[in-house]
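Predicted model, so just to flag it, every value in this text is computed and none were measured. Ligands are counted one by one from 1 in listed order, and the atoms in each one are counted from 1 as well.
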Amino acid sequence: MKKFLVLLCSLAMMLALVGCGGGEKKAETPKTDAPKVLRVGTEPTFAPFEFQKEGSSEFTGFDMDLIRAIGQQLNMKVEIQNLGFDGLIPAVNAGNIDLAISAMTITPDRQKVVEFSEPYYTSGLIIVVNKTDDSIKSIADLENKRIAVQIGTTGAAKAETVKGAKVTNFNTGSELFMELKNKGADAVIVDSPVAGYYLAQGGSETAKTVGDVMEAESYGMITKKGNTQLMDQVNKALNDLKKNGVYDKIYQQWFGETAKK
Ligand code: ARG
């Protein structure tokens with residue numbers, strides 16, 4: 001009987017606790033091993049690096065898997081935000097996000113204003129034209145032509161060097177191929193793996209790449225200028241993932257081959 005009473009009492013106490021629950025929980029001292037949030041920005045119209053599958057708001061792609069793996073390595077909770085590509089550098093420097101990963105090429109100009117990670121992917125630029133167009137075989141043939149590019153990208157900078165070209169800057173990567181298909185542009189200058197993915201996903205019915213891959217480019221993640229503390233952690237995590245095989249696994253998943261070393 002006594003036992004039963006004790007049981008009943010503790011049950012009542014538990015119910016009371018549950019009843020007034022919620023609010024008090026927050027007063028508990030925070031666990032020191034609770035993951036910190038890593039606010040990450042990306043421009044997600046750049047498959048296979050960062051994109052949202054049709055009808056889904058989830059971010060997917062090589063960069064997305066990589067940053068989530070880095071977050072896990074650092075015991076940080078990765079929260080991804082959708083931003084314009086040309087807004088990523090201002091956003092890290094304003095402190096609105098901690099880091100950006102967005103297939104961003106490491107360039108001397110950008111290095112002046114942000115911290116870059118070690119290179120995590122080797123890329124380059126390529127020209128995409130309509131399949132039926134035989135007038136364009138290389139960048140020299142783009143003179144006086146209409147070129148579609150994404151705003152603020154290395155592809156946009158490349159297009160600006162073409163004499164007499166009419167360059168149109170689009171906010172998203174997906175618009176480039178649409179513009180080409182609709183004959184609003186004669187060519188697109190974009191990162192070669194992005195062109196390759198587009199063609200493989202059905203784009204090759206109407207489009208093709210021409211010429212060689214131009215420019216040797218490496219992608220890096222960025223943090224605010226001076227935030228070497230976070231960047232050191234990110235670089236260490238990236239190296240760990242390269243050593244323990246996780247990087248290779250993600251690479252293979254998206255590109256079907258292992259990274260050139
Ligand atoms: N690699 C190019 C650059 O850095 C294009 C990157 C575009 N990235 C994107 N997620 N839209 O300029």
Side-chain angles (χ1 to χ4, degrees), residues 39-53 56-68 70 78 80-93 96-97 99-128 139 147-162 167-180 185 187-198 201 203 209 212-223 250-251 254-255 259:
R39 297 167 304 163
V40 173
T42 196
E43 194 291 303
T45 63
F46 217 62
F49 296 98
E50 42 267 334
F51 60 108
Q52 290 161 302
K53 287 213 192 90
S56 163
S57 58
E58 202 194 311
F59 298 99
T60 183
F62 174 77
D63 286 354
M64 302 295 95
D65 285 349
L66 184 62
I67 194 61
R68 287 188 184 114
I70 287 173
V78 172
I80 298 167
Q81 292 176 34
N82 179 344
L83 292 168
F85 186 73
D86 59 347
L88 292 172
I89 289 179
V92 288
N93 280 339
N96 297 337
I97 50 174
L99 176 142
I101 182 164
S102 201
M104 189 180 282
T105 304
I106 304 171
T107 70
D109 276 349
R110 289 173 180 162
Q111 273 173 321
K112 281 184 209 144
V113 290
V114 285
E115 302 296 330
F116 266 102
S117 70
E118 298 291 319
Y120 69 84
Y121 185 90
T122 305
S123 191
L125 295 174
I126 199 135
I127 300 166
V128 187
I139 186 111
I147 312 174
V149 294
Q150 187 177 16
I151 194 163
T153 61
T154 50
K158 186 77 186 174
E160 290 301 339
T161 68
V162 180
V167 180
T168 311
N169 285 271
F170 289 91
N171 284 326
T172 66
S174 4
E175 284 166 287
L176 309 181
F177 297 119
M178 253 193 288
E179 189 70 359
L180 179 70
V188 162
I189 301 181
V190 74
D191 300 38
S192 132
V194 171
Y197 189 84
Y198 169 71
Q201 296 295 306
T209 58
D212 296 326
V213 174
M214 306 174 286
E215 320 288 330
E217 300 196 339
S218 295
Y219 295 162
M221 293 162 262
I222 58 167
T223 61
I250 298 172
Y251 195 103
W254 288 101
F255 303 106

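Separation of atoms CG (L176) and CD1 (I147) is listed at 12.0 Å; rounding is to 0.5 Å. Atom CD1 of I139 is separated from atom CE of M214 by 4.5 Å, given to the nearest 0.5 angstrom.
Using cut-offs of 30° and 60° for the angle between ring planes, the F255 and Y121 rings count as tilted. Ring geometry, Y120 versus F62: the interplanar angle falls under 30°, so the pair is classed parallel (tilted spans 30 to 60°).
When side chains are defined from C-beta on, V194 does not count as touching Y198, because their heavy atoms never get closer than 4.5 Å.
Among S102, A100, A103, the residue whose heavy atom lies nearest to atom 8 (N) of ligand 1 is S102.
Annotation for ligand 1: atoms under 4.0 Å from non-hydrogen atoms of Y219 are 1 (N). The atoms of ligand 1 that sit less than 4.0 Å from any heavy atom of E50 are 9 (C), 10 (N). Numbered from 1 in the order shown, with element, the atoms of ligand 1 that lie under 4.0 Å from a heavy atom of R110 read 3 (C), 4 (O), 12 (O).
Residue Q150 has at least one N or O atom closer than 3.5 Å to an N or O atom of ligand 1.
T154 N, 2.7 Å is the protein heavy atom nearest to atom 12 (O) of ligand 1. In terms of protein heavy-atom proximity, atom 1 (N) of ligand 1 is nearest to D191 OD2, 2.6 Å.
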V149 and V190: side-chain contact (heavy atoms from CB on, under 4.5 Å), yes or no, with the steps?
CA-CA 7 Å; V149 294; V190 74; over 6 Å; no
